[in-house]
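Below is one structure, written out as structure tokens; comments come after it.
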Amino acid sequence: MQSQLHVTNVQLYPVNESVSLKAIVQVTFNNVLKIAGLKLFEGDEGMYLRYPTNPKSKKKLCYAFPLDADLRTYIQEEVIEEYYNGTNT
């Protein structure tokens with residue numbers, strides 16, 4: 001990853017009532033920017049991350065999301081690693 005944006009903290013809030021939704025997530029970047037409301041799901045092809053959307057919007061437009069595929073992959077991998085390590089609940 002060539003971006004100057006680095007994940008410096010991941011906070012997971014496990015969801016036990018759902019089969020596919022595993023956790024609500026907050027990700028901090030460079031200790032200066034936090035994005036809350038991400039959702040970690042488990043699907044047929046493994047774990048994946050969804051970005052926060054406006055629940056009142058019919059189109060479910062995301063508030064924040066990576067524009068670069070490499071950054072998206074990096075963030076998702078960091079969150080999944082934290083989920084499996086179980087160090088942050």
Side-chain angles (χ1 to χ4, degrees):
M1 189 193 72
Q2 297 178 0
S3 173
Q4 295 295 324
L5 201 59
H6 299 285
V7 173
T8 52
N9 188 29
V10 175
Q11 294 178 310
L12 297 167
Y13 302 94
V15 176
N16 298 321
E17 307 88 44
S18 175
V19 175
S20 61
L21 177 61
K22 298 301 179 185
I24 305 297
V25 182
Q26 293 182 2
V27 179
T28 304
F29 300 93
N30 297 7
N31 292 319
V32 297
L33 173 66
K34 182 181 283 190
I35 298 178
L38 290 89
K39 295 179 181 178
L40 182 63
F41 286 89
E42 185 169 21
D44 293 338
E45 297 181 23
M47 302 288 267
Y48 62 95
L49 199 57
R50 283 198 182 160
Y51 287 81
T53 59
N54 180 351
K56 295 179 182 178
S57 170
K58 291 181 182 180
K59 293 182 181 182
K60 298 291 183 192
L61 300 173
C62 291
Y63 286 127
F65 55 91
L67 298 176
D68 180 79
D70 290 338
L71 180 59
R72 179 181 294 273
T73 299
Y74 165 68
I75 295 167
Q76 184 166 287
E77 287 173 352
E78 292 290 312
V79 170
I80 291 169
E81 180 180 333
E82 188 67 30
Y83 178 81
Y84 284 123
N85 286 341
T87 60
N88 207 348
T89 57

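All values below were derived from every heavy atom in this structure, side-chain atoms included, with hydrogens, water molecules and symmetry-related copies excluded. We count residues from 1, following the sequence as given.
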- Message: With rounding to the nearest 0.5 angstrom, report the CZ to CZ distance, F65 to R72.
- Response: 8.0 Å
- Rounding to 0.5 Å, atoms CZ (R50) and CG (L40) come to a distance of 11.0 Å
- Query: Mind checking whether L12 and E82 have side chains closer than 4.5 Å, heavy atoms only?
  - Reply: yes
- Query: Applying the side chain to side chain contact (heavy atoms under 4.5 Å, CB included) test to Y74, which of V7, D68, L5 qualifies?
  - Reply: V7
- Note on the structure: In short, salt bridge (charged side-chain N to carboxylate O under 4.0 Å, His left out) pairs touching residues 5-28 with sequence neighbours left out are K22-E42
- Task: Name all pairs fulfilling the ring pair (Phe, Tyr, Trp, His ring centres under 6.0 Å) condition that reach into residues 14-39, sequence neighbours left out, sorted by first residue then second.
- Result: none
- Message: Between Q76 and L49 (side chain of the first, backbone of the second, donor and acceptor by atom type, cut-off under 3.5 Å), is there such a pair?
- Response: yes
- Minimum heavy-atom distance Q4-N30, with the two atoms named: O-ND2, 3.1 Å
- Reported CG-to-OG1 distance for the pair L38 and T53, which is rounded to 0.5 angstrom: 10.5 Å
- Distance col, row I80:CD1 vs N85:CG, nearest 0.5 angstrom, shows 12.0 Å
- Message: Going by ring-ring contact (aromatic ring centres under 6.0 Å, His included), name the residues that satisfy it together with Y48, two or more places apart in sequence or in a different chain.
- Response: F41
- Mind checking whether P14 and Y83 have side chains closer than 4.5 Å, heavy atoms only? no
- Message: Working to the nearest 0.5 angstrom, can you tell me the gap between H6 NE2 and I75 CD1?
- Response: 11.5 Å
- Message: In the structure I gave you, are the side-chain heavy atoms of K39 and I24 within less than 4.5 Å of one another anywhere?
- Response: yes
